[in-house]
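For reference, the structure discussed in these notes is given below.
We use all heavy atoms of the structure for the numbers below, so side chains are in, but hydrogens, waters and symmetry mates are not. Here is the naming used below: chain letters follow the sequence lines, and residue numbers restart at 1 for every chain.
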Amino acid sequence: MNPSSLKSRFTTRFLRALTKINAHKPISSSSPGPGEIFQRYRRIKVAADKSMAYSVRSRRTWSRATLWRLRTRSPRSRLATHARRSWVKTRSTRAASHGKEKKEDGGTVEAEELRELVPGGEAMDLCNLLDETAHYIKCLTTQLDILDRQECTSREL
Amino acid sequence: MQIVSPFSCSITTTQLFSYFAFSAYQLRKMSSRRSRSRQSGGSRITDDQIYDLVSKLQQLLPELRNSHSDKVSAAKVLQETCNYIRSLHREVDDLSERLSELLATTDSAQAAIIRSLLLR
């Protein structure tokens, strides 16, 4: 595997995060409750998204948006989240009011849906949105591939 | 594969291409309005650029990869992209859940991680 490729950067970070998550596990012989499993599931999912966003760094708008979202998830930065949401809203409403496109235009509706799915998509114009989407899909498939491989490895033991 | 087109089935390739070019034109109109509102005298987005980007996206989608680009409208590509991204998100959730259960039950989870490090 190419040591500087996206795949290997993501794998290294993700495995490191998994090790940390495992270290938090209480050493009890009884089976863990559903709440604990859910917590671990949340941690693993966040670790996967975080590792991917960090592997891409700030080179892409979507990774920057993901990193921002992850950083402002703590309660004391709720103000920051609110500030960013209102900023994004004003940008998109300003853009929408300048263009007089109505929702009957088929391309607009799908593009709006896409904007909601791709992180950071609300403030992008169409060209950048399509570009970011392509890269985002590529990274998501890489992430899935590594998660799948990790699951198979863990299952074999 | 159904052709998303209001025309009848007896349609020529030229008409299909112009239909696709028209939907690309619609997208470009929409995007140039947006970009005009945001940047003064910024670069104009061309039809070709949008066409290239949409076909690049189409190549990534598993269902539409094999059909010729002039039979699939740009709106349909966007729609399929949304569905695909949603299914990818769901798969990530699924796999994370399965991984969390596996790591909870296996005692040698640490060994699993080390092994995958060695195997890659």
Original post:
Given side chains that start at C-beta, do those of A:R40 and B:L99 come closer than 4.5 Å, heavy atoms only?
Top reply: no
Subject >> Within one Ile-Leu-Val-Met-Phe-Trp-Tyr cluster: A:Y41 and A:I146, side-chain cutoff 4.5 Å >> reply: no
Subject >> Spacing of B:L53 atom CG and A:N128 atom CG [to the nearest 0.5 Å] >> reply: 9.0 Å
Subject >> Heavy-atom contact with chain A under 4.5 Å, split by part of B:L57 >> reply: side chain
Original post:
Under a single-linkage definition using a 4.5 Å side-chain heavy-atom cutoff for Ile, Leu, Val, Met, Phe, Trp and Tyr, are A:V56 and A:L117 assigned to the same hydrophobic cluster?
Top reply: yes
Original post:
Is the closest side-chain heavy-atom distance between B:E97 and A:K45 below 4.5 Å?
Top reply: no
**OP:** Give the minimum heavy-atom separation between B:S96 and A:L147, together with the two atoms involved.
**Re:** OG-CD1, 4.5 Å
Subject >> Under 4.5 Å from any heavy atom of chain B - which part of A:Q143 >> reply: side chain
Original post:
If you measure from CG on B:L60 to NZ on A:K138, what distance do you get to the nearest 0.5 Å?
Top reply: 9.5 Å
Original post:
Which answer fits B:L95, side chain, backbone, both or neither, if we ask what part of it has an atom under 4.5 Å from a heavy atom of chain A?
Top reply: side chain
Original post:
At what distance, to the nearest 0.5 angstrom, does CG of A:L144 lie from OG of B:S87?
Top reply: 8.5 Å
Subject >> Flag side-chain contact, heavy atom, 4.5 Å: A:Y136 against B:T81 >> reply: no
**OP:** Could you check if a side-chain atom of B:I85 sits within less than 4.5 angstrom of a side-chain atom of A:L114, using non-hydrogen atoms only?
**Re:** yes
**OP:** Measure distances from A:F38 to the heavy atoms of chain B and classify the residue's part below 4.5 Å as side chain, backbone, both or neither.
**Re:** neither
Subject >> Interatomic spacing from NZ in B:K56 to CD1 in A:I137 - rounded to 0.5 Å >> reply: 10.5 Å
Original post:
Roughly how far, to the nearest 0.5 Å, is the CD atom of B:E91 from the OG1 atom of A:T141?
Top reply: 10.5 Å
**OP:** Give, for atom SG of A:C139 and atom CG of B:L88, the distance between the pair rounded to the nearest 0.5 Å.
**Re:** 11.5 Å
